[in-house]
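Heads up, the thing below is written out as structure tokens.
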Amino acid sequence: MNLVAQVIVDVPTMQTNRPYDYSVPGQLQPVIQEGMRIVVPFGRGSRSVQGFVVGLKAKSEHPEKLKSILEIMDLEPVLNKELIELGQAMSNETYSFLITCYQSMLPAALRASYEKFIVPSPELNKELAVSIFEGRGEISWKEAEERELFSELKKLKNKGLVKVRYEVSDHRTYQTIRMVKSLLSYEEAQKESENLRTTAKKQKLLLLTLQKMKEESWSSKQLNQEYGLNNRDIKVGEEKGWLEIEEVRKYRNPYEDMDLETTTALDLSEEQQSAYRAIVSSIVKNEDQTYLLKGITGSGKTEVYMQVIDEALKEGKTAVVLVPEISLTPQMVTQFKGRFGQRVAVMHSGLSDGERYDEWQRLVSKEADVVVGARSSIFAPVENLGVIIIDEEHEGSYKQNENPRYHARNVAKWRGNYHQCPVVLGSATPSLESRARASKDVYQLLEMNQRPTGQDLPGVEVVNLRDEARQGNYSSFSNILLEKIRDRLEKKEQIVLMLNRRGYSSFIMCRDCGFVLQCPNCDIAQTLHMDSKSMKCHYCGHEENIPNHCPQCRSSSIRYYGTGTQKVEEELKTVIEDAKIVRMDRDTTRRKGAHEKLLDRFGRGEADILLGTQMIAKGLDFPNVTLVGVLNADTSLNLPDFRSSEKTFQLLTQVSGRAGRGDKSGEVLVQTYNPEHYAIQLAQRQDYDSFYKYEMQFRHKGNYPPYYFTLRISVSHEVEREAYLKVYEISQFLKPALNSTSTMLGPTPSAIARTQNKYHYQIIIKYKNKSQLHDKVHELMQKNQKESLKGLQITIDSEPNTFM
DNA sequence: AGCACGCCGACT
DNA sequence: GTCGGCGTGCTC
């Protein structure tokens, strides 16, 4: 019988972005399945590469070209039919290679690594064999490189005197435990025991234990710890034929030793119940409805999620929960583990490759049927999905900013459609895209506006830093904030201070009147470019000099704006001497586990003030915190980004939720140079609906999402002119695909015009009609096949997070 | 990606 | 004359 496998090979180029046919040798025919990883010979040199079987068929259209599969890397497929199909859809949507899509769906431990060796042929003469191989059977490619043997080896290879051997492997590792099983009946053990010398106490104990075990297998660890039998004792038992030792694969479980308090379902409030009922009805009816669950901070979204998941499990289905990486705290994990126990697989970046792989394997083996994890968990290998939940759906981190540039929300919807199951998007501050879809009834809106605990939302006060400046206070702390900090310290209550680092010193602002230099054409802040010593708008390419005086009030206090946490900490220490401060930023949390440690310290009350960047805005729940201060609300406001207001509003709303989580009421203080900006005003009033309406007008006026689709194409090259020429050529190529409902911005230099000695240029396209441009972009990819050889890097990003 | 084929310059 | 430079094209 002939069997042909269609294989996607691990060669990420445009030219090889399609299935290749391979014949399946007889002995592999009974085992090979779609979705397995295999090793195939590829290219002229038939080097070994990893591939994915995406189809099997009886014969090929070009039988004369067929090579044979070398090896199968898996016992069971790593991709099921659904994921194979999803990869194809994703590749098409995100303009990325099939192989890149498949790789990103799997744990890193399954990614191939390649090694090359040089092997002598029998015809190679003795002398050379000795001088090159030194008596060994082969040498590694790396060694040959180091010993500078390349040109010699190349000649020998052309003459067929040495060969190259390719090795393909992955990083899979297993942990095993030793299981002990008795081979003796109760009576036999009794007999053996009687024959022992009286001094053989351990042997006697061993036999006694074996009698207790009966038919079961016990781990050697258990015998060690509970019965005081060491491995030597067990070994002797094995030699005497009393018992059998078996190595069994064990899944590494990072949460194995966690103290789990089992939690039970809480009573739901009326609002929670109606949300719950709506979602559950879709699970039961197999409906691929998307829900937007808009619930204020503290409204009990997580409890709704968990009860919905419980219902899905009762229906015999599985569930996927996505949470932003930074929210995936031990508290969060405990909540889910406490409710669903070992049925939960947790995936986050803190795990080692091996641990991740084991969690993944627990899903494949159906030992776990609930996944809680960050973005890439959307590819969890679960079958029969009952519900997909995306918490904090507005988070930008759900979009991957390297290839494949997918958005987890879109993947979720694709899977929801495939499984005919609901998708729940949860947020206190939904993205405009999602909220707009809810208005158009594409999504069903579920609202929760009350806290079941009856706590009030904290009051938010805005402090105008311009007034402070006028009074000569140029420090990071307004007088009123200092006053409040002192007050809390006295009351032994805690304080959270956030320094907004988004957009750090990339724009300039007048300290006297709050004026920010805008682009005359684009209604957006211009970016300071220190490399060219000028202000630039990268939407349209407008450029002007850095002003010395504020164009509005003629003040000379116009300068770029921004501070670091370290500086703020020092400043704080000089005004409040005895405060204990925990600083959290990228520097102090770089080490693994440092994040948790710092938060633990603060949680135990070992510090009074938690000072940090955005990373402290999410999910923290400290009952003793009664004051939250935002030191600089406007930095994120002035980014040259159409989402800057939205991001600022979300951040302020989120951080406000950190105050008053316990029985004491909380207070929030927001310092800003732009107190009248709508994002700040509406965040102060915690008025999402008004913000939504206002922001939608802005988006409508500027033809931004959600009214338009967006596409960003960027080109980079070491030689600026090369990058520019290419991006210009691309813009000319795409222009015919534009119509009256689409516009192209640029080509312009990117916000950071040069990184790693490469110049970046970009085009942004805003469009209404998806298919027309889509086809043209695919054509562009085909056309640009060989550009990367010339050192040109072209990136295509559909629905980019920012235009920078 | 990586390898072979192929067509031009400076060497034993 | 040839060794080797890297531009071009193809990989089941």
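Reminder, nothing fancy here: chain letters follow the sequence lines and each chain counts from 1. What you see below is based on every heavy atom in this structure, not just the backbone, and it leaves out hydrogens, waters and symmetry mates.
B/dA1 atom C1' lies 15 Å from atom CE of A/Met14, rounded to whole Å. Straight-line distance from the NZ atom of A/Lys57 to the P atom of C/dC12: 14 Å, rounded to whole Å. For the pair A/Gln50 CD and C/dT11 P, the interatomic distance rounds to 22 Å; values are reported in whole Å. Remark: P of C/dC12 and CG of A/Leu56 are 18 Å apart, rounded to the nearest angstrom. Atom CD of A/Gln793 and atom P of B/dA1 are 10 Å apart (whole Å). B/dC3 atom P lies 16 Å from atom NZ of A/Lys163, rounded to whole Å. In this structure, A/Gln15 places its CD atom 14 Å from P of B/dG2, rounding to the nearest Å. If you measure from atom OH of A/Tyr114 to atom P of B/dA1, you get 13 Å, rounded to the nearest angstrom.
Salt-bridge annotation for A/Arg405 and A/Glu799: absent, with no side-chain N of the basic residue lying under 4.0 Å from a carboxylate O of the acidic one. Using a cutoff of 4.0 Å between basic side-chain nitrogens and carboxylate oxygens, A/Lys116 and A/Glu167 are not scored as salt-bridged.
In this structure, A/Tyr22 reaches the sugar-phosphate backbone alone: every heavy-atom distance under 4.0 Å involves primed, P, OP1 or OP2 atoms, never a base. Residue contacts for A/Phe97: at a heavy-atom cut-off of 4.0 Å it reaches no nucleic acid atom on any strand shown.
Picking from B/dA1, C/dC12, B/dC3 the nucleotide with the shortest atom distance to the side chain of A/Thr13 gives B/dA1.
Taking OG of A/Ser60 as the start and CG of A/Leu3 as the end, the distance is 11.5 Å to the nearest 0.5 Å.
In this structure, a donor-acceptor pair under 3.5 Å is present between the side chains of A/Gln772 and A/Asn739.
Nearest-nucleotide positions on DNA chain C for A/Arg44 and A/Lys67 put A/Arg44 closer to the 5' end.
Between A/Tyr166 and B/dA1, a side-chain N or O to OP1/OP2 separation shorter than 4.0 Å is absent.
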